[in-house]
Amino acid sequence: MPAASIQLDGISKTYPGGHTALHGIDLTAAAGEFLVLVGPSGCGKSTLLRLIAGLEAPTSGRIVLDGVDVTAWTPQARDLAMVFQSYALYPHMTVRENLAYGLRVRRLSRAAIDERVARVAEALGIAPLLDRRPAQLSGGERQRVALGRAMVREPRAFLLDEPLSNLDPALRAHARAELRQLHQRLGSTIVYVTHDQEEAMTLGTRIAVMRKGRIEQLAPPLAIYDRPANTFVARFIGAPAMNLLPASLLGIDASPGDCVGIRPHDVELGPGGALEGRVQLVEPRGHDYLVHIQLDVTGAPTIVAVTHTPPPGERVFPQFRRDRLHAFTADGRRAEQ
């Protein structure tokens, strides 16, 4: 089935007791797009995914698939495949039986089921695992089986709710690469939820950064990194986080805003300069060092620099690349530069 477009018009969700999880969300995932919803816990991203799937109903607004209003449709009628964090594989079934289960429920022929299972198992590299049970699989293998169970259905779109969060860091990085390659091969529409900004940056064709039930910025990954819409996005996207400092404390009169931001990779430790500070902590990371510096300016926060060599001593002179400064207004919005 061709990839589906997903459109949300004014979606709000308020629970009994008065808690509003989503505030008038307008969002469209184009057919074939890999759209990532990212934000801290409680921002509403998983709630939004459940509304798209039909597992919950919005308080107001419309959900539209390929131009058709499906707000009142059941999850089965929407034909969207959802993969949860827990994978939810049937422990008493083999991988082959797990993959085939949904197709048997739909009463497909044995030949059609066998063909789809074989094709998906080959695409995901799990063909040698078809006769094993979930307890005999690694975390990465279980993750691929969960994706495969969704893929054999040939759904209109995939909804993935933190499917890699149970994996260790090395396996998670490998699974991210596999998932991106899978999307390139299938061309399917994917809406993906994560709280991990690195995962969002590496996977998404576009990212929706969420906070408190609202979308703070929607853009391609590099656009969000290079031009964050506000100080929340500036601090949330990027590791280590952007340094934010009051412009007045640093004597930066060329800034159009009240606050300036500088990414740690754009802070240089020179032999001298107008700013001076004391090194509080050095974190070796193998390929570079994170240097935490307390500036000799009353009221200035600690800043972080990324360097490829250790700091020259306890006293350093941070220098900011003026062409890499980000300016923000007093209320946190990006200032025009």
Side-chain angles (χ1 to χ4, degrees), residues 23 38-43 195-198 200-201 207 209-217 219 221-285 287-337:
H23 302 266
V38 65
S41 297
C43 69
H195 65 276
D196 185 326
Q197 56 89 23
E198 182 180 356
M201 291 288 291
I207 299 173
V209 184
M210 297 185 65
R211 176 174 63 160
K212 297 180 179 178
R214 292 182 170 87
I215 295 176
E216 297 286 334
Q217 188 170 2
L222 290 181
I224 287 180
Y225 185 85
D226 290 334
R227 290 188 60 83
N230 52 47
T231 52
F232 172 79
V233 176
R235 292 283 295 175
F236 191 83
I237 297 294
M242 181 183 287
N243 298 300
L244 296 175
L245 306 98
S248 59
L249 287 181
L250 303 180
I252 301 178
D253 51 12
S255 171
D258 302 274
C259 170
V260 294
I262 186 79
R263 296 223 177 260
H265 295 81
D266 297 321
V267 178
E268 299 175 354
L269 303 182
L275 288 176
E276 187 174 358
R278 180 174 61 85
V279 175
Q280 290 190 320
L281 177 67
V282 178
E283 298 181 75
R285 300 197 300 179
H287 58 292
D288 59 24
Y289 298 83
L290 296 187
V291 184
H292 299 251
I293 304 161
Q294 179 59 60
L295 298 176
D296 292 345
V297 180
T298 302
T302 300
I303 67 169
V304 176
V306 174
T307 69
H308 291 287
T309 57
E314 292 186 0
R315 307 294 299 177
V316 292
F317 296 87
Q319 298 175 355
F320 299 166
R321 288 181 51 185
R322 292 302 180 106
D323 63 323
R324 299 298 295 164
L325 286 177
H326 302 260
F328 301 96
T329 59
D331 61 358
R333 292 178 299 171
R334 186 176 186 86
E336 293 300 324
Q337 294 176 278

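Since the model is a prediction, treat every value here as computed from it, not as a measurement.
Put simply, the side chain of F236 does not reach to within 4.5 Å of the side chain of C43, judged on heavy atoms. Residues E216 and M210 fail the side-chain proximity criterion, which asks for heavy atoms closer than 4.5 Å. Using a 4.5 Å cut-off on side-chain heavy atoms (C-beta onward), P240 and P264 make contact. Side-chain atoms of N243 and V304, non-hydrogen and from C-beta on, do get closer than 4.5 Å to each other. Side-chain contact check for D323 versus L325: every heavy-atom pair is 4.5 Å or farther apart. Under the 4.5 Å side-chain criterion, counting only non-hydrogen atoms from C-beta, I215 is not in contact with V209. Taking the side chain as every heavy atom from C-beta outward, V316 and I293 approach each other to under 4.5 Å. Side-chain contact between P228 and H326 is present, with heavy atoms from C-beta onward closer than 4.5 Å.
With sequence neighbours left out, D266 forms a side-chain hydrogen bond (donor to acceptor under 3.5 Å, both in side chains) with R324.
Minimum heavy-atom separation, V260 to A247: CG1-CB, 4.0 Å. Between R263 and G238, the shortest heavy-atom distance links the atoms NH1-CA, 3.9 Å. Shown here for G277 and P318, the closest heavy-atom pair between the two residues is N-CD, 4.3 Å. Heavy atoms only, all atoms of each residue included: A200 and I207 are closest at O-CD1, 3.5 Å.
Rounding to the nearest 0.5 angstrom, the gap separating the CG atom in L245 from the CG atom in L275 is 8.5 Å. For the atom pair CD (Q319) and CD1 (I262), the distance works out to 11.5 Å, reported to the nearest 0.5 Å. Here the CE atom belonging to M242 is positioned 10.5 Å from the CD1 atom belonging to I237, to the nearest 0.5 angstrom.
Judged by distance alone, with hydrogens and angles left aside, the side-chain atoms of R333 form no donor-acceptor pair with the main-chain N or O of F328 at under 3.5 Å.
Salt bridge present: R315 and E276 bring a charged side-chain N and a carboxylate O closer than 4.0 Å.
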As a quick check of understanding, evaluate side chain to side chain contact (heavy atoms under 4.5 Å, CB included) for V267 and F320, giving each step before the final call. CA-CA 5 Å; V267 178; F320 299 166; 4.0 Å; yes
Please lay out, stage by stage, how Y225 and M201 fare under the test side chain to side chain contact (heavy atoms under 4.5 Å, CB included). CA-CA 9 Å; Y225 185 85; M201 291 288 291; 3.8 Å; yes
Please lay out, stage by stage, how V282 and L290 fare under the test side chain to side chain contact (heavy atoms under 4.5 Å, CB included). CA-CA 6 Å; V282 178; L290 296 187; over 6 Å; no
Stepwise side chain to side chain contact (heavy atoms under 4.5 Å, CB included) test for V233 and I224: CA-CA 8 Å; V233 176; I224 287 180; 3.6 Å; yes
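Using modelled atom types and a 3.5 Å distance limit, the side chains of Q217 and N230 yield no donor-acceptor pair.
Heavy atoms of other residues, nucleotides or ligands lying less than 6.0 angstrom from NE2 of H287 number more than 12.
No option in V279, T302, L281 other than T302 meets the side-chain contact (heavy atoms from CB on, under 4.5 Å) test with Q294.
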